[in-house]
Visitor: 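Structure in structure tokens, see below.
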Amino acid sequence: MSESNVDIISDLESRGLIAQTTSGDELREHLSGGSRTLYSGFDPTADSLHIGHLVPLLVLRRFQLAGHKPIALVGGATGMIGDPSFKAAERQLNSVEVIGGWVDRLQGQLSQFLDFDCGDTSASVVNNLDWIKSLNVIDFLREVGKHFSVNAMIQKESVKQRIDREGSGISFTEFSYMILQSYDFAELYHRHECTLQVGGSDQWGNITGGIDLSRRLYKGQTFGLTVPLVTKADGQKFGKTETGTVWLDPKKTSPYAFYQFWLNTADADVYKFLHYFTFLEPSEIARIEEEDKAAQGRPQAQGVLATEVTRLVHGQEGLDASQRISEALFSGELSHLTESDFEQLRLDGLPGTYIEESKSGLVDALVSTGLAKSNRVAREFISNNAVAINGEKCDDLEAQLTSEQALFGKYVLLKRGKKMFHLLTFAGV
RNA sequence: GGAGGGGUUCCCGAGUGGCCAAAGGGAUCAGACUGUAAAUCUGACGCGAAAGCUUCGGUGGUUCGAAUCCACCCCCCUCCA
């Protein structure tokens, strides 16, 4: 993949990555006419991006590979306002300092996915605070606000429920969000000839607002493209586990947990996700799907997905570590592990805790490691034969964990259910 | 401001004086089956080993006894002004 004669739109279409575009054929022509600049915005709503952000981010990368120039925008300013799009309720504002810290983190994360050193199509990361903070209210209202019709704004689907519904109104602050995002697009058009904005399908209203504003302020023609919301076949929300959001930050979601998340993708979703989250060719994905269909038993797709995405986000090292842990834990053969392997497991991100005493009741240990929510539940797990110590099932409610039974005198691997593990280390030894 | 309806355990939703820690469904968790799937079946699902303790918007009250009755308060919804 390299030059700009690649039809990026067709590629995205074949991956199911296009929810909506503005002026379809014109956009296609525009893109095939040369190297274009495009952007997507990421607001600092937490100290890390999560896997939901990955889709538009990878689309930026796809454009770059197709010979275009991506800009990743961090919403240092918009993040201070809060996007109301399709949100049920007004949100709490975070402090300026906190958001500033998050901006720094996101900038670093975003950088990891784009190429900043490839000549004309080198990516850049910008912060909309740089141009929004210097705006003064009068200028803003006269020069930007004047181009927006409140009548049109309240018609937008993204804020409709907030306008219509009683009991969950919308503040002027959040209502203004759309204008700021529109201003970003116009500004990037003006500064960098950025002619395309990419975003999630919930961003459609904000994107078209920016297209209108670019035309009104600078007579520029710009385009919008939205990617679909990632959905799961069973209707559950994508990107959550029992432990919460799946973050890109390895300190918040370990590479091992990240790998496991993808590995556990349902069959009904996995081929779609391969299109969304990897750079494998659609033909390659189709081949995998056919092979899986033909073969009995476990499909290979989940493994491919987990491998590809984990490598992409956590690098080869993170992937190796994840696979090392997964293999050790799920092969059931703990006896193959050496002492240094255990130490490595801990370093690789297997959840673990130290215990000071030379022994501990099994029930207490389950609770203190978080494998069970309460003593009652811990007992239930034990009686259900759901707990294993160093790979051996244990159904003794009175069982004690001692440093004698620990592997290498230190390590006790607790397992609850089929896939919850915790490594206990006897510290005082 | 007036009239009516409602707030129940994670969610939906029964329950209108004791048999209620509270039906049923969903979600979740465990077991069997399997592919670290899906579907299905079984079990658990406020805390506690138990005795027992704490829950039904809030605060008081009536009663031997309240989620259920009374008073006041808070919040939500519908209709009218």
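Just so we're on the same page: letters track the sequence lines, and every chain starts at 1. Values reported hereafter were calculated over all heavy atoms of this structure, with side chains retained and with hydrogens, waters and symmetry mates removed.
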Visitor: Measure CG/A/Asp269 against P/B/G35 and give the value in whole Å, please.
Guide: 21 Å

Visitor: Give a yes/no on whether any side-chain N or O of A/Lys419 is located under 4.0 angstrom from OP1 or OP2 of B/A37.
Guide: yes

Visitor: Compare side-chain N and O positions of A/Arg376 against OP1 and OP2 of B/G48 and report whether any pair is under 4.0 Å apart.
Guide: no

Visitor: Taking atom types as modelled and ignoring hydrogens, do the side chains of A/Gln316 and A/Asp320 form a donor-acceptor contact shorter than 3.5 angstrom?
Guide: yes

Visitor: Suppose we define a pair by two distances each less than 3.5 Å, Watson-Crick or G-U wobble; what does B/A38 pair with here?
Guide: none

Visitor: Can you see if the side chain of A/Ser374 gets near the phosphate of B/G48 - specifically, an N or O under 4.0 Å from OP1 or OP2?
Guide: yes

Visitor: Considering just the side-chain nitrogens and oxygens of A/Arg379, establish if one lies under 4.0 Å of OP1 or OP2 belonging to B/A49.
Guide: yes

Visitor: By nearest heavy atom, map A/Val377 and A/Thr265 onto RNA chain B; which one lands nearer the 5' end?
Guide: A/Thr265

Visitor: Nearest whole Å is fine: how far is B/U28 C1' from A/Met420 CE?
Guide: 13 Å

Visitor: Can you find a side chain N or O atom of A/Arg416 that sits less than 4.0 Å from OP1 or OP2 on B/C29?
Guide: no

Visitor: In the structure shown, which nucleotide is the Watson-Crick or G-U wobble counterpart of B/C19, with both distances under 3.5 Å?
Guide: none

Visitor: For RNA chain B, whose closest nucleotide is more 5', that of A/Lys373 or that of A/Gln302?
Guide: A/Gln302

Visitor: Mind checking the P distance from B/G1 to B/U9? Whole angstroms is fine.
Guide: 30 Å

Visitor: For the aromatic rings, using the six-membered ring if either is Trp, is the centroid distance between A/Phe63 and A/Tyr39 under 6.0 Å?
Guide: no

Visitor: So A/Phe261 and A/Phe238, would you call those rings parallel, tilted or perpendicular, with 30° and 60° as cut-offs?
Guide: perpendicular

Visitor: In whole Å, what is the span from the CG atom of A/Asn264 to the C1' atom of B/A37?
Guide: 8 Å

Visitor: With side chain to side chain contact (heavy atoms under 4.5 Å, CB included) as the criterion, how do A/Leu329 and A/Tyr256 come out once you've worked through the C-alpha distance, each side chain's angles and the decisive distance to 0.1 Å?
Guide: CA-CA 11 Å; A/Leu329 297 183; A/Tyr256 161 71; 3.4 Å; yes

Visitor: For RNA chain B, what residues of residues 381-392 of chain A have any heavy atom nearer than 4.0 Å?
Guide: A/Phe381, A/Asn384, A/Ala386

Visitor: Just how far, in rounded Å, is P of B/A39 from CG of A/Asp267?
Guide: 11 Å

Visitor: Should A/Arg298 be listed as having a side-chain N or O under 4.0 Å from OP1 or OP2 of B/U36?
Guide: yes

